[in-house]
Amino acid sequence: MPKITAVFGSPRRKGNTATLLRQAIKGARDAGAEVNEIVLRDLKMSPCLEIYGCKQSGQCAIQDDFQGVLEQLLTSQGIILASPIFFYTVSAQTKILMDRCQSQWVKKYWIDKVPFGARRPSRKALFISVGATKGKKLFEGSLLTIKYFFDTLDTQLWRSCLYRGLDFEGDVLKHPDYLDEVYQAGKEFTAVL
Ligand SMILES: Cc1cc2nc3c(=O)[nH]c(=O)nc-3n(C[C@H](O)[C@H](O)[C@H](O)COP(=O)(O)O)c2cc1C
């Protein structure tokens, strides 16, 4: 049974990305995955303080909920990350998690001295995102951000489910096709883990 960690990155508990993520989780569980849910807004997680307390050991020196989240991510075969677009990138809650993973970047590239691109990814990720507007470049910033975040975690981005034109809580419920698509993505994701 593959283990997946699902990360709710929105400050809204019942927002569009949370609704989509719950559908993806349902698909993954129906396909036999064990899914562990992390709701970032409920956690105590400081932003990275750039003190490089991680320089010797690769472990973040700030003691809070980050350590538990990292443990979950690193012991999973799959990660499903859902974040809304805030100013053309991920939410602040999601970005805090990413920045705290700089300790993993330090471990990989400074301590273990892995040449960039040399290590085979050991897990896969599904990214879910929504934004209110409809511009062509809406997801470009966040896709670049998650590419390097997932690389840090030796994770390959398997698929992105991206939806435009969703703003208010519940907007996504007007699009059953989106809900079906992420449910299927959750199922198919489990099958490739
Ligand atoms: C702080 C903030 C910044 C936002 N920035 C953007 C943006 O750059 N582009 C966009 O299309 N929508 C933007 N939005 C709208 C959200 O992406 C949209 O409401 C989305 O549906 C929220 O998803 P959620 O319900 O999962 O939180 C922003 C919303 C907030 C609160």
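Side-chain atoms are counted along with the backbone in the values below, which use heavy atoms only and exclude waters and symmetry mates. By convention here, the first residue in the shown sequence is residue 1. Just so you know, ligand 1 is whichever comes first in the structure, and atom 1 is the first atom listed for that ligand.
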Only pairs under 3.5 Å count here: list side-chain donor-acceptor contacts from residues 59-68, not counting sequence neighbours, and write none if there are none.
unit_1: D64; atom_1: OD1; unit_2: F66; atom_2: N; d: 3.0
unit_1: D64; atom_1: OD1; unit_2: R100; atom_2: NH1; d: 3.2
unit_1: D64; atom_1: OD1; unit_2: R100; atom_2: NH2; d: 3.0
unit_1: D64; atom_1: OD2; unit_2: S46; atom_2: N; d: 2.8
unit_1: D64; atom_1: OD2; unit_2: R100; atom_2: NH1; d: 2.8
unit_1: D65; atom_1: OD2; unit_2: K44; atom_2: N; d: 2.7
unit_1: Q67; atom_1: OE1; unit_2: D64; atom_2: N; d: 3.3
unit_1: Q67; atom_1: NE2; unit_2: C60; atom_2: O; d: 3.3
unit_1: Q67; atom_1: NE2; unit_2: I62; atom_2: O; d: 2.9

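A salt bridge does not link R123 to D154: none of the charged nitrogens lies less than 4.0 Å from a carboxylate oxygen.
In terms of the side-chain contact (heavy atoms from CB on, under 4.5 Å) criterion, residue partners of S10 (sequence neighbours excluded) are, by chain and number, R12, T17, P84. Remark: E37 pairs with F8, I25, R29 by the side-chain contact (heavy atoms from CB on, under 4.5 Å) rule, at least two apart or across chains.
For W110 and Y52, the ring centers sit closer than 6.0 Å to each other.
N16 and Y178 share no donor-acceptor pair across their side chains, judged by distance under 3.5 Å alone.
Contact residues of ligand 1 (protein heavy atom closer than 4.0 angstrom to a ligand atom; sorted by chain and number): S10, R12, G15, N16, T17, P84, I85, F86, F87, Y88, V130, G131, A132, T133, L138, L166, D167.
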